[in-house]
Protein chains: 2
Amino acid sequence: MIPNRPFRPAPRSARDKLLEAGVRLVREQGFAATSVDDLCRAAGVTKGAFFHHFASKEALGVALAAYWSSSTGGFFAEAPYHHHARPIDRVLGYIDLRLALITGPPETFSCVAGTMLQESFRTSDAIRAACEASIMGNAAALEDDIAAAMAEAGVTGTTAASLSRHVQTVIQGAFILAKSQAPDAAADLAREAIGHLRRYFELLFNAGGDEEEKMQ
Amino acid sequence: MIPNRPFRPAPRSARDKLLEAGVRLVREQGFAATSVDDLCRAAGVTKGAFFHHFASKEALGVALAAYWSSSTGGFFAEAPYHHHARPIDRVLGYIDLRLALITGPPETFSCVAGTMLQESFRTSDAIRAACEASIMGNAAALEDDIAAAMAEAGVTGTTAASLSRHVQTVIQGAFILAKSQAPDAAADLAREAIGHLRRYFELLFNAGGDEEEKMQ
DNA sequence: ACGAGCATACCGACCGGTTGGTATGTCGCA
DNA sequence: TGCGACATACCAACCGGTCGGTATGCTCGT
């Protein structure tokens, strides 16, 4: 979902190095296949450092989801789409930003929280809850703009909360479909899915596109 | 995505028992966290039987995706939604069937191929390809009906292939969001997402619902 | 100003158990 | 008799985690 730079500063402590290593390795191969030794090698620290900062591998997973939340949340909170005057333009601006972030192979744009949730939801309630907080936190950040857009356009039959969760649904699903492809074809597939999400919002809100908006 | 019964017959051989155990365990905890010993215990067979039928754990993963393809493909091929006269009704019938299948905790309705793809896409090209075949095979099965519906309704701006992939995108994403919830709330969340998929198709095809159709 | 005591960050060897896989043997059937 | 479908015993490497240690920094008493 979000590449490493420029919004996450270079890690300084062993803890930050381990979390950065965790982002990279979980995106590449998931949580269970990522050993403590893998994380230490990738971070350039020892097992002793690992277990000084994290009580267990599971604790690293929980901290990783929180780290993902704070870095992605910060990124989106400061994105320029907030400056649009109309709520629907802010929502579409968010979707366009998501589109812009999808480049390269899947492990450079996929979601750490969604990836960990997929395999750990039943084996670690702590990781499940931390991943839920991350994903639903991202969804919630969009809810007010969606609610305002619904009020402005008179959209009924659903809720802002439901629509914001749907945004996350399509994003997570887009990442899975992308992973089925060779690395250089993955981003196109993910962007295609986000394109449908945008079109759904255009249809729902009668927001046919920037050009049609200006004609009205 | 599809519960075990009634379309998959009771497994008889050790190989089928292992594949059934694989379906259950991968849905619960993913592929990497599922050991060969886990699979043998769940199947009630020994390691000798496992390695007689499968050259490696990876080979089991490839066979599992193929097994998933054949059982889900057969299920959907014989579903009653094919009987609708209008293409759009067949497409919406498919989506309604998907809705109907979503009951209970996530591990009873999630997709084995999507789950394995998420964590194995970069560590096993054989598993990636087998999962792609499964997911894209499910998508492709819907493509003709979508193409016919597009022709009938005059829908432009996208392709049948793209729309059929979007169906899979939302389904896979719905399963992830569902996994973030407590077991008894999971199905509601997945159904909510599929509801948005349905609404997108209704808006795209001006197919407002069974009642509005009849009025026209 | 300095040294003792303590806390923190980290190192790397080691632990018991698990891992994917191999070797060998047995049994039933054609 | 030979082969397929298993079972059991075993292997080396890996696993998550522990443990005794060193290095460095901080605080406080003298």
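Everything quoted here is computed from the prediction, not taken from an experiment. Chain identifiers are assigned alphabetically (A, B, ...) following the order of the sequence lines, protein sequences preceding nucleic acid strands; residue numbering begins at 1 within each chain.
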Next item on the list: For B:Val36 and for A:Ala49, find the nucleotide of DNA chain C with the closest heavy atom, then tell me which residue's nucleotide is more 5'.
Entry: A:Ala49

Next item on the list: Could you check how far NZ of A:Lys17 sits from C1' of C:dA9, rounded to whole Å?
Entry: 12 Å

Notebook entry, point to check: Distance under 6.0 Å and angle within 45° of the ring axis: does A:Lys57 meet both against A:Phe50?
Noted result: no

Next item on the list: Give the rounded distance in Å between these two atoms: CG of A:Leu39 and C1' of D:dC14.
Entry: 15 Å

Next item on the list: Using heavy atoms to find the nearest nucleotide of DNA chain D for A:Ala33 and A:Ala55 separately, return the residue whose nucleotide is more 5′.
Entry: A:Ala33

Notebook entry, point to check: So does A:His53 get a side-chain nitrogen or oxygen closer than 4.0 Å to the phosphate oxygens (OP1/OP2) of C:dC10?
Noted result: yes

Check: What integer distance in Å separates A:Asp38:CG from C:dT19:C1'?
Finding: 14 Å

Notebook entry, point to check: Do the side chain of B:Arg191 and the main chain of B:Ile102 share a donor and acceptor less than 3.5 angstrom apart?
Noted result: yes

Check: What's the closest nucleotide to the A:Thr46 side chain, out of C:dG12, D:dG17, C:dG21?
Finding: C:dG12

Check: Is the backbone of B:Ala33 close enough, under 3.5 Å, to the side chain of B:Gln29 for a donor and an acceptor to pair up by distance?
Finding: yes

Item checked: Cationic N near anionic O, under 4.0 Å, A:Arg24 to A:Glu20 -> no

Check: Does B:Ser180 reach the side chain of A:Met136, with side-chain heavy atoms less than 4.5 Å apart?
Finding: yes

Next item on the list: Calculate the interatomic distance between B:Leu60 atom CG and C:dT19 atom C1'; express it in whole Å.
Entry: 15 Å

Next item on the list: Using whole Å, report how far CZ of A:Phe51 lies from C1' of D:dG20.
Entry: 16 Å

Check: Any idea which of D:dC15, D:dA5, C:dT19 is nearest the A:Asp37 side chain?
Finding: D:dC15

Next item on the list: First locate atom CG of B:Leu204, then atom CD1 of B:Ile88, and finally report the distance between them rounded to the nearest 0.5 Å.
Entry: 8.0 Å

Next item on the list: Answer yes or no: does a side-chain N or O of A:Ser35 lie under 4.0 Å from OP1 or OP2 of D:dC15?
Entry: yes

Note to self: Any donor-acceptor pair, under 3.5 Å, between the side chain of A:Lys47 and the base of D:dG17, if you only look at N and O atoms?
What the structure shows: yes

Next item on the list: Would you give a per-nucleotide map of nucleotides 23-29 of chain C, 5' to 3', where B means the base has a protein non-hydrogen atom under 4.0 Å away, S means only the sugar-phosphate does, and - means neither?
Entry: -------

Check: OP1 or OP2 of C:dA9 less than 4.0 angstrom from a side-chain nitrogen or oxygen of A:His52, does that happen here?
Finding: yes

Notebook entry, point to check: Just how far, in rounded Å, is P of C:dG12 from CZ of A:Phe50?
Noted result: 17 Å

Note to self: Tell me if a side-chain donor or acceptor on A:Ser162 pairs with a main-chain N or O of A:Thr158 at a distance below 3.5 Å.
What the structure shows: no

Item checked: Spacing between B:Arg41 atom CZ and C:dT19 atom C1', to the nearest angstrom -> 12 Å

Item checked: Gap between atoms CZ and P, on B:Phe31 and C:dT19 respectively (whole Å) -> 14 Å

